[in-house]
4 protein chains.
Amino acid sequence: MGTKRTLTRVDGASGATMRDLEARRRILSVTHQMLVTQGYAKLTIGGVAANAGVGKATIYRTWPNKPALVLEALRNTFPEVPTADLGDSRAEMLAAANTLAALFNLREVRAALPGLIADTAEGEGSEHDLRDRLIGERKSRSTQCLERAIERGDLPADTDVSLVLDSWAGVMLFRCLFFGETLSAADVERLVDTTLVSPHRLPAA
Amino acid sequence: MGTKRTLTRVDGASGATMRDLEARRRILSVTHQMLVTQGYAKLTIGGVAANAGVGKATIYRTWPNKPALVLEALRNTFPEVPTADLGDSRAEMLAAANTLAALFNLREVRAALPGLIADTAEGEGSEHDLRDRLIGERKSRSTQCLERAIERGDLPADTDVSLVLDSWAGVMLFRCLFFGETLSAADVERLVDTTLVSPHRLPAA
Amino acid sequence: MGTKRTLTRVDGASGATMRDLEARRRILSVTHQMLVTQGYAKLTIGGVAANAGVGKATIYRTWPNKPALVLEALRNTFPEVPTADLGDSRAEMLAAANTLAALFNLREVRAALPGLIADTAEGEGSEHDLRDRLIGERKSRSTQCLERAIERGDLPADTDVSLVLDSWAGVMLFRCLFFGETLSAADVERLVDTTLVSPHRLPAA
Amino acid sequence: MGTKRTLTRVDGASGATMRDLEARRRILSVTHQMLVTQGYAKLTIGGVAANAGVGKATIYRTWPNKPALVLEALRNTFPEVPTADLGDSRAEMLAAANTLAALFNLREVRAALPGLIADTAEGEGSEHDLRDRLIGERKSRSTQCLERAIERGDLPADTDVSLVLDSWAGVMLFRCLFFGETLSAADVERLVDTTLVSPHRLPAA
DNA sequence: AAGTAAACGAGACGGTACGTCGTGTCTTCCG
DNA sequence: CGGAAGACACGACGTACCGTCTCGTTTACTT
């Protein structure tokens with residue numbers, strides 16, 4: 001007999017004691033689908049439950065609220081930032097940046113992001129954790145990439161890696177949220193090259 | 001003859017659309033206040049109406065929905081990006097960037113932004129207009145600043161001004177939304193200096 | 001110089017100082033029209049005002065509320081109970097009863113009656129007065145008719161005239177309100193003849 | 001395992017549709033109460049909900065609108081027209097008529113009737129059904145009474161039973177609605193005796 | 001004829017109730 | 001005995017009218 005109420009879900013995948021693993025899959029899939037077709041605002045827990053042939057309680061048993069559910073539904077579709085060592089710093093950085101850009105280009109992400117941000121804005125609990133985890137994951141992998149470039153001497157040692165990465169993500173986020181645009185491949189390239197030439201440090205002089 | 005039974009002041013200034021303006025001011029002020037104290041999510045039209053001693057219909061008569069109201073309540077508190085010619089490109093850019101950073105540091109902005117973004121995400125109508133206007137205003141003034149720097153030769157002619165500015169705003173937005181942080185003065189400086197050294201153009205080589 | 005605020009309107013027709021007599025006519029006519037086409041519930045003061053090309057205040061200046069307005073709009077179309085002495089008690093009674101039946105058969109009366117009753121139910125003020133006046137008028141004329149029959153000896157002297165008349169009106173009201181029906185000519189005749197044969201007095205024993 | 005947070009009693013009787021019935025009873029009772037204390041016009045669904053400690057939706061789930069709710073709240077308090085065979089036609093008719101009179105004398109009926117009639121006036125749906133049912137029920141039982149009198153020979157065979165009954169109800173309705181009066185016992189007796197002597201048929205001559 | 005005061009059309013205003021919807025918790029009942 | 005089904009309390013939504021009010025303007029009396 002398992003502890004019924006798992007207050008803090010440790011890992012997105014374990015799913016507590018959900019009897020029907022199949023149901024879980026269905027819920028997430030329906031969520032994802034509705035996200036794309038209806039958008040975040042019109043997606044309701046009740047709707048997901050109905051479309052998944054599931055009781056609302058079943059959903060609430062696993063996810064505490066809408067953003068948590070959406071977040072997990074999104075996780076599966078997130079592209080992974082590649083970490084392979086290509087020997088070429090610029091190529092690696094481009095790959096990382098392009099992956100990020102691709103993420104902001106996903107229909108479901110664009111649909112979910114605004115609502116997700118709003119609904120988790122003041123949440124200090126699991127919501128923040130989840131969001132951080134999702135972002136943190138990409139960021140840490142991208143960080144590896146930049147640090148390798150530093151090791152190679154392609155970026156100065158005092159580069160503010162976090163600032164660079166937040167800058168990359170920031171432009172994309174900004175354009176995505178406010179204009180519904182994506183960065184073009186050329187823009188991404190420009191971003192990376194700017195970083196390479198003058199990687200956010202004070203000028204030598 | 002005699003003042004019939006005018007509860008509100010009669011003399012006033014011009015006797016024009018007094019009643020309107022009186023109420024309008026009160027509504028916006030209450031909205032702003034509640035934004036700070038309660039946050040966007042807990043701010044309701046009904047609540048604003050009650051606190052402003054106004055009928056809900058009066059609000060709906062002027063603003064079609066919550067984000068429109070909040071947006072207008074916010075406009076008044078937005079700091080203006082300075083456009084004065086200081087003769088010093090770096091100083092001007094710092095001023096612009098710091099103004100931007102200050103904006104993201106306002107309590108009411110931080111409270112309103114997530115919800116505002118979410119609620120105007122799919123709006124194609126006035127909502128988009130408003131948002132664009134608000135952002136566009138700052139951006140165009142900042143653009144003046146950067147272009148002056150280009151004219152002075154402090155920035156290369158092929159600088160992608162929009163990308164630079166979106167980058168600046170992007171980092172701030174990103175950190176604001178996801179971490180509730182603000183850019184430190186040092187970070188802002190770093191941002192500006194990076195732009196000055198290698199303003200987002202491809203390297204010559 | 002007339003008394004400005006006529007709180008109690010003494011007679012439905014005098015209309016205080018309504019500048020534009022034409023407007024008054026238009027208001028009542030529009031009210032009557034809307035009563036027929038929309039029914040009492042959907043008739044709003046605002047609607048009447050708009051359709052009559054008149055400000056709401058103009059209506060409220062003359063009539064204190066909806067039922068008062070409707071009542072007056074109705075008065076004009078009410079058929080008068082005949083009081084002429086025909087020499088024949090049965091003929092006179094039939095005429096009176098049929099006039100009553102005709103009244104309940106008017107489209108506007110059927111439309112207005114239920115709402116009118118409801119809205120003036122608890123009114124102790126002018127509303128009750130008005131209603132009583134309207135009903136009282138018909139009733140007093142019908143009373144004349146019955147009393148003449150008593151004088152002639154066609155009805156016993158101890159006939160409870162009021163009970164008889166209320167009985168007549170009652171059936172019609174009952175059928176009108178609950179079934180939307182009218183008394184057929186035959187039913188009216190039966191009603192009258194019953195009264196003639198045994199006019200609501202105790203049997204002689 | 002502790003009682004989680006059940007504010008309402010848990011043990012109850014059978015555990016069947018307790019929650020439903022519990023709430024239903026409370027709603028109807030509150031409605032009835034408010035009807036008496038406030039009257040029909042001031043009774044609001046929201047008010048009933050609040051006083052019954054129930055959400056508005058719960059009421060709307062069961063009753064489509066105010067009159068439907070009031071109607072049902074009223075049903076419980078309606079006195080039944082007796083149908084017992086007393087062997088005495090006059091006694092039976094008096095019983096029936098007095099029951100009817102008593103009904104129109106109920107505080108809640110007098111309070112609800114005008115509004116109820118108005119709000120169900122144009123209703124062709126369930127409203128009409130309900131009203132008919134409520135009235136029809138009394139009427140059919142009264143009809144039994146009169147028909148038994150006919151069988152006994154106390155009333156002529158060609159008596160228009162429906163007209164007689166509508167006449168009875170009509171007077172009461174008329175006096176109730178327009179004058180807030182009730183028929184005195186003497187009046188009821190007079191009504192019955194009139195019917196017995198000359199039961200609404202054409203005179204033989 | 002000019003001046004004054006009122007009545008007017010228009011419609012904004014503070015309120016109140018409406019009926020609907022979504023949330024997150026709960027209970028019931030079925031497989 | 002666990003889950004679907006959905007009822008439940010709550011609370012916000014946006015709409016509709018009410019009856020009062022405030023605008024300018026138009027009209028009709030006064031002088």
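Here is how names work: the chains are called A, B, and so on, in the same order as the sequence lines, proteins then strands, and each is numbered from 1.
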What distance do [X] atom [atom1] and [Y] atom [atom2] have between them, rounded to the nearest 0.5 Å?
X        : Y        : atom1 : atom2 : value
Asn65(C) : Tyr60(C) : CG    : OH    : 8.0 Å
Ile59(B) : Lys66(B) : CD1   : NZ    : 12.0 Å
Thr58(C) : Arg24(C) : OG1   : CZ    : 12.5 Å

Tell me: [atom1] of [X] to [atom2] of [N], nearest whole Å?
X        : N       : atom1 : atom2 : result
Tyr60(A) : dC8(F)  : OH    : P     : 18 Å
Asn51(C) : dC17(F) : CG    : P     : 13 Å
Leu21(B) : dT22(F) : CG    : C1'   : 14 Å
Asn65(D) : dG19(E) : CG    : C1'   : 11 Å
Leu69(D) : dC18(E) : CG    : C1'   : 15 Å
Ile27(C) : dA7(E)  : CD1   : C1'   : 12 Å
Arg24(A) : dA4(F)  : CZ    : P     : 14 Å
Ile59(B) : dC13(F) : CD1   : C1'   : 13 Å

**OP:** Respond yes when some side-chain nitrogen or oxygen of Thr58(A) is under 4.0 Å from OP1 or OP2 of dG2(F), and no when none is.
**Re:** no

Original post:
So does Arg61(C) get a side-chain nitrogen or oxygen closer than 4.0 Å to the phosphate oxygens (OP1/OP2) of dA7(E)?
Top reply: no

Original post:
Could you walk me through whether Leu43(B) and Val70(B) pass the side-chain contact (heavy atoms from CB on, under 4.5 Å) check?
Top reply: CA-CA 9 Å; Leu43(B) 179 146; Val70(B) 169; 4.2 Å; yes

**OP:** Decide side-chain contact (heavy atoms from CB on, under 4.5 Å) for Ile45(A) and Leu69(A); before the verdict, give the C-alpha distance in whole Å, the side-chain angles of both, and the deciding distance to 0.1 Å.
**Re:** CA-CA 9 Å; Ile45(A) 301 283; Leu69(A) 170 61; 4.1 Å; yes

Subject >> Smallest separation among heavy atoms of Ala118(B) and Pro114(A), with atom names >> reply: CB-O, 3.5 Å

Could you list the donor-acceptor pairs under 3.5 angstrom formed by side chains in residues 25-35 of chain A, with sequence neighbours left out?
residue  : atom : partner   : partner atom : Å
Arg26(A) : NH1  : Ala52(A)  : O            : 2.6
Thr31(A) : OG1  : Ile27(A)  : O            : 2.7
His32(A) : NE2  : Glu108(A) : OE2          : 3.0

Subject >> Which residue lies more 5' along DNA chain E, comparing Gly53(C) with Gly55(B) via nearest heavy atoms >> reply: Gly53(C)

Original post:
Contact class for Ala57(C) (heavy atom, under 4.0 Å): base, sugar-phosphate, or nothing?
Top reply: base

Original post:
Looking only at N and O atoms, is any donor in the side chain of Lys56(B) or the base of dG14(E) less than 3.5 Å from an acceptor on the other one?
Top reply: no

**OP:** By nearest nucleotide on DNA chain F, pick out whichever of Lys66(C) and Ala52(D) is the more 5' one.
**Re:** Ala52(D)

Original post:
What parts of residues 33-49 of chain D reach DNA chain E, counting only heavy atoms under 4.0 Å away?
Top reply: Thr44(D), Ile45(D), Gly46(D)

